[in-house]
Engineer: 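My structure is below; once you've seen it, I'll send some questions.
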2 protein chains.
Amino acid sequence: MAQTLHNFHFEDLLNKHHLKKTAPRLRVLSMMSSRNTATSQPDLESVMNDIDRVTLYRILSAFEEKGIIHKVFDLNGTANYALCTSNCDEGHHHDEHLHFNCTQCKNVYCLNDLQLPAINLPVGFVPQAFTLYATGLCPKCSKKAVKQ
Amino acid sequence: MAQTLHNFHFEDLLNKHHLKKTAPRLRVLSMMSSRNTATSQPDLESVMNDIDRVTLYRILSAFEEKGIIHKVFDLNGTANYALCTSNCDEGHHHDEHLHFNCTQCKNVYCLNDLQLPAINLPVGFVPQAFTLYATGLCPKCSKKAVKQ
DNA sequence: ACGTTAATTGTAATATTGTTGCGTTTACAT
DNA sequence: ATGTAAACGCAACAATATTACAATTAACGT
């Protein structure tokens, strides 16, 4: 669970990307790092209900642009956000991992360790990035399902 | 392009799923089959601006539920719809193909022929469906890019 | 420390997208 | 032909996202 990151890590991160260290930004980072799943926009909004919605949108898009977080849409088309694991540059993400969307609890898991197999596209298609998306039951929900 | 389907095909399709043959439904089917890319909700709405928005939503969700079309969210999180190729049952889709989203023209291509490689998930995760999602340049746009 | 300034936030207004309830119309089975 | 359930259209609303601008504040040099 959680990468046990501390505030100064986040401050370094913001520094690195020439973003000012503000309370809202640090809170967003801390919330997202405290979870092992992606965080949905509605979740963010309800937890941070004292931060203005517009500010939240701007923080998220700034982070995404800088390669600090990445966005993934779940089954219902709602935006979920998760910290990028590593080397995502300005404007260029490298989050070619599996996104697992649990149909029960709706959580989106980023399975970073999973290597994507090579894919051959039809002629003419020039790929820039791949994402594998899976739906099903996450460990928690599959356990519950068995018990019943 | 297009699967050169005719109206009576659509009528059969609707019959098969116990859906009444109405003008709006036939128009939606005919529009979607006339394209080789998925159709975005905004596109549908602007082309069929004489059909009520709510009706459109209901048609789309009915078709999706019956396994006639499937929904895929593009880079911007907007819903795109495409006809299912084959054997998609009521409530159970089998659209485990590649969705290619062109970053230039924003079109979403369903590359049905592409076989997805086997994926091993971490223990506990019980998959129901996979979708591979790629971004990049489609044939048209990559040609243009070369010319410039 | 202190003031300046550009970046960031907050506020208000608006646009877009999706949903719900209900009365009217229509396909289609009898 | 006609009754009925299904589908449509309309109105109102809810949720999500964007834009413009004024107020605030982090970070820099002095």
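Every chain is numbered from 1 and lettered A, B, ... according to where its sequence line falls, protein lines coming before strand lines.
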Engineer: What one-letter contact string describes nucleotides 25-30 of chain D from 5' to 3', where B marks a base within less than 4.0 Å of any protein heavy atom, S marks contact via sugar-phosphate atoms alone, and - marks no contact?
Structural biologist: -BS---
Engineer: If I take atom CD from residue A:Gln104 and atom CG from residue A:Leu137, how far apart are they, to the nearest 0.5 angstrom?
Structural biologist: 6.0 Å
Engineer: Output the rounded distance in Å from CG (A:Leu44) to C1' (D:dT16).
Structural biologist: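 Checked: the CG to C1' distance equals 14 Å.
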Engineer: Any donor-acceptor pair under 3.5 Å linking the side chain of A:Asn101 with the backbone of A:Leu75?
Structural biologist: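 Side chain of A:Asn101 to backbone of A:Leu75: a pair is present.
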Engineer: For the pair made of CG in A:Asp43 and C1' in D:dA15, what is the distance, rounded to whole Å?
Structural biologist: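 Spelled out: CG on A:Asp43 to C1' on D:dA15 is 15 Å.
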Engineer: Could you tell me which residues satisfy side chain to side chain contact (heavy atoms under 4.5 Å, CB included) with A:Asn15, sequence neighbours excluded, listed by chain and number?
Structural biologist: A:Lys21
Engineer: So, B:Lys106 and B:Asp43, do they make that salt bridge, N to O below 4.0 Å?
Structural biologist: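 Between B:Asp43 and B:Lys106 there is no salt bridge, as every charged N stays at least 4.0 Å from the carboxylate O atoms.
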Engineer: Figure out the CD/C1' separation between B:Glu65 and D:dA7, and round it to whole Å.
Structural biologist: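 From B:Glu65 CD to D:dA7 C1': 15 Å.
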Engineer: Hey, what do you get for CZ (B:Arg58) to CG (B:Leu60), rounding to the nearest 0.5 Å?
Structural biologist: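 Interatomic distance, B:Arg58 CZ to B:Leu60 CG, rounded to 0.5 Å: 12.0 Å.
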Engineer: Within the 4.0 Å limit for protein heavy atoms, which parts of nucleotides 11-23 of chain C are touched? Write it as a string from 5' to 3', B for base, S for sugar-phosphate only, - for none.
Structural biologist: BB----BBBBB--
Engineer: Return the minimal non-hydrogen interatomic distance between A:Ile69 and A:Cys84, and the atom names on each side.
Structural biologist: C-SG, 3.4 Å
Engineer: Do the side chain of A:Tyr133 and the main chain of A:Phe73 share a donor and acceptor less than 3.5 angstrom apart?
Structural biologist: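 Yes: the side chain of A:Tyr133 pairs with the backbone of A:Phe73.
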Engineer: Just how far, in rounded Å, is P of D:dA15 from CG of A:Asn76?
Structural biologist: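 Interatomic distance, CG of A:Asn76 to P of D:dA15: 15 Å.
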Engineer: May I have the distance from B:Leu26 (atom CG) to C:dT26 (atom P), rounded to whole angstrom?
Structural biologist: 16 Å
Engineer: Tell me, please, which residues at least two apart from B:Asp52 pass salt bridge (charged side-chain N to carboxylate O under 4.0 Å, His left out).
Structural biologist: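 With sequence neighbours excluded, B:Asp52 shows a salt bridge (charged side-chain N to carboxylate O under 4.0 Å, His left out) to no residue whatsoever.
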Engineer: What bend angle does the helix from C:dA1-D:dT30 to C:dT30-D:dA1 show across its length, from five-pair end axes and to the nearest 10 degrees?
Structural biologist: 40°
Engineer: Suppose clustering is done on Ile, Leu, Val, Met, Phe, Trp and Tyr with side-chain heavy atoms closer than 4.5 Å. Which residues sit in the same group as A:Val123?
Structural biologist: none
Engineer: Please state how far atom NE2 in B:His17 lies from atom C1' in D:dA6, giving the value in whole angstrom units.
Structural biologist: 17 Å
Engineer: Checking the side chain of A:Ser142 only, and the main-chain atoms of B:Gly124 only, is there a donor and an acceptor separated by less than 3.5 Å?
Structural biologist: yes
Engineer: Taking the six-membered ring for Trp, are B:Tyr81 and B:Phe63 ring centroids under 6.0 Å apart?
Structural biologist: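 B:Tyr81 vs B:Phe63: aromatic centres not under 6.0 Å.
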Engineer: Round to a whole Å and report the spacing from CG of A:Leu60 to P of D:dA17.
Structural biologist: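 Those two atoms, CG and P, are 10 Å apart.
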Engineer: For A:Arg25 and D:dT24, give me the distance from atom CZ to atom C1', rounded to whole Å.
Structural biologist: 14 Å
